[in-house]
Protein chains: 2
Amino acid sequence: MVDTKQRILDTAERLFAEQGYDATSLRHIIAEAGVNLAAVHYHFGGKDEVLAQVVLRKVGPVNEARLARLDEAERDFGGKPPVEAILRAFLMPTAEAADKSPEFVKLMGRVVAEGLIENLALTHFQPMTDRFIGALARSLPELSRNELGWRIYFMFGAMSRALHGIPQTWLTGEAGDVRERLERLVVFLSGGFRAAASAPAAGETAAQTQTANHKVHR
Amino acid sequence: MVDTKQRILDTAERLFAEQGYDATSLRHIIAEAGVNLAAVHYHFGGKDEVLAQVVLRKVGPVNEARLARLDEAERDFGGKPPVEAILRAFLMPTAEAADKSPEFVKLMGRVVAEGLIENLALTHFQPMTDRFIGALARSLPELSRNELGWRIYFMFGAMSRALHGIPQTWLTGEAGDVRERLERLVVFLSGGFRAAASAPAAGETAAQTQTANHKVHR
DNA sequence: GTCTATACTGAGATAGAC
DNA sequence: GTCTATCTCAGTATAGAC
């Protein structure tokens, strides 16, 4: 079969999104794809690489759209777009990809949440993330690089919650669609990124910082 | 063995924290604990229940400390403490628990990130979370209940990143200790929770207002 | 009530024939 | 490139010893 590889990827993508990575066995994938078990190891070497390639072929175009929207934002705002515009450039291409492939967001949410592709992130995402870090750093010059890095790291955690539509109705009410969830996220993150920098030395008491930030209440 | 059950829990706690839930086999646990495999199923019924009990016996005291600190904050601030104080009441007992049991934070970070205890959360955490939701709602009356719920949900995602000390040095620099990471998180979250719900904060441009209020129809 | 020994099913991985 | 057969290891189930 010439397209054994594609059939495996397509089926794996769907099943990973529906059931999660661990819960999806290779045997389930090959049964639905109509291929042999050993073919998976021939083409991919292992289950983890199947996931990697499923993610990469999906997220590649998304990352390009992210960069295009960042370019656009920097053009519109004279090289220094506000935080909201940068965050939207990063997050909204995900929603657009979801329109074409509804399972994509669930998959990405799972992948980010379960920390399955930390290594992939380093090799394939860093050129893209570096540009966004630079844009955020210019937009928020009062933040140290470490502070900014942590806030971006926090953002990934929050983003995973916005992406995978696990219904937590007791907490959030009806889930709504991806775009609405990401819109809420942008507002939330903008406030977070704009918060005055905190650089407490290790060992400093929380009480000091508490009184320092106390008056910010609106 | 006198306390086979405790030995299993102690060993499982350590190994889950070090390697994660999926990567830790029951056979590894029983080998280090010096007990028989079937004893695990006799006492716990299955691997998932081992994790549940490991988490519950650890997080019970933490939740009590959370409520105690919330009581204290409400006393200090006349029933309506600022967001920072509420968030600190929720987050800082984790750091205190980490002082006694350094592996605990790693475990909790993994558990939250991997979504392993969504069901546990409902049955055992909700009384505690309900009190915090109420406190946040009083402190942020301009937010709808859904909006607040989503922000709390985002918070859980960000919290998981602050807890498990996976070194992302390319992004955050040196990891620092738990207390420092949680302190950064409190500042970040405070800004996020305070962000205006549907209208952008003062000082933002018309372009963002347009985008922020833009409702997308499918 | 507790624990041991053993077996069962399904997982990912691999060697070698074709 | 593909497939059969097989390997190791996972979680689980059960019968029976004490």
Side-chain angles (χ1 to χ4, degrees), chain A residues 1-57 106-107 110-111 113-120, chain B residues 1-58 103 106-107 110-111 113-120:
Chain A
M1 216 72 74
V2 254
D3 49 350
T4 300
K5 204 170 170 180
Q6 293 304 316
R7 300 250 299 283
I8 294 169
L9 284 176
D10 292 340
T11 312
E13 178 181 323
R14 180 168 51 81
L15 293 178
F16 285 157
E18 288 170 0
Q19 310 175 335
Y21 175 73
D22 285 316
T24 303
S25 69
L26 288 180
R27 284 171 169 85
H28 188 174
I29 294 172
I30 60 133
E32 297 214 2
V35 301
N36 186 273
L37 174 59
V40 177
H41 287 90
Y42 172 76
H43 285 289
F44 300 96
K47 191 185 177 185
D48 49 351
E49 188 62 21
V50 175
L51 175 68
Q53 297 215 25
V54 163
V55 171
L56 281 181
R57 71 170 185 170
K106 275 163 74 177
L107 174 61
R110 280 186 187 275
V111 161
E114 298 173 22
L116 296 172
I117 48 155
E118 302 285 333
N119 299 336
L120 253 73
Chain B
M1 265 9 124
V2 259
D3 42 4
T4 302
K5 204 170 170 180
Q6 292 305 313
R7 300 252 300 283
I8 294 170
L9 285 177
D10 292 341
T11 312
E13 179 182 323
R14 181 167 51 81
L15 293 178
F16 285 157
E18 288 170 1
Q19 311 175 335
Y21 175 73
D22 285 315
T24 303
S25 69
L26 289 179
R27 284 170 170 85
H28 189 174
I29 295 172
I30 59 132
E32 296 214 4
V35 303
N36 186 275
L37 176 59
V40 176
H41 286 88
Y42 172 76
H43 286 289
F44 301 96
K47 192 184 177 185
D48 50 350
E49 188 62 20
V50 175
L51 175 68
Q53 296 214 25
V54 163
V55 171
L56 282 181
R57 74 169 183 170
K58 273 290 171 183
E103 300 295 342
K106 275 162 74 177
L107 174 62
R110 280 187 186 275
V111 161
E114 298 174 22
L116 296 171
I117 48 156
E118 303 284 334
N119 299 335
L120 253 73

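So you know, we letter chains A, B, ... as the sequences are listed, proteins then strands, and number each from 1.
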Between [atom2] of [N] and [atom1] of [X], the distance in whole Å:
X	N	atom1	atom2	value
B:Leu37	D:dA10	CG	P	10 Å
B:Ile30	C:dT6	CD1	P	14 Å
A:Ile29	C:dG10	CD1	P	17 Å
B:Phe44	D:dT12	CZ	C1'	16 Å
A:Asn36	C:dG12	CG	C1'	14 Å
A:Lys5	D:dT2	NZ	C1'	15 Å
A:Lys47	D:dC9	NZ	C1'	14 Å
B:Glu49	D:dA13	CD	P	14 Å

From the options [options], select the nucleotide whose nearest atom is closest to the side chain of [X].
X	options	answer
B:Tyr42	C:dG1, C:dT14, C:dG12	C:dG1
B:His43	D:dC3, D:dG11, C:dC3	C:dC3
B:Ala38	D:dA13, D:dG11, C:dC3	D:dA13

Contact summary for [X] and [Y], nearest pair of heavy atoms:
X	Y	value
A:Phe16	A:Arg110	O-CD, 3.6 Å
B:Lys47	B:Leu26	CG-CD2, 3.8 Å
B:Arg57	B:Val54	CG-O, 3.5 Å

| Is there a donor N/O on one and an acceptor N/O on the other, under 3.5 Å, for the side chain of B:Arg27 and the base of D:dG11? | yes
| With B:Ile29, the side-chain contact (heavy atoms from CB on, under 4.5 Å) member among B:Asp10, B:Thr24, B:Leu9 | B:Thr24
Under-4.0 Å side-chain N/O to phosphate OP1/OP2 contact, [X] with [N]:
X	N	value
A:Thr4	D:dT2	yes
B:His41	D:dT14	no
A:Ser25	C:dA11	yes

| message | Counting C-beta onward and ignoring hydrogens, is there a side-chain heavy-atom pair between A:Lys5 and A:Ile8 closer than 4.5 Å? | response | no
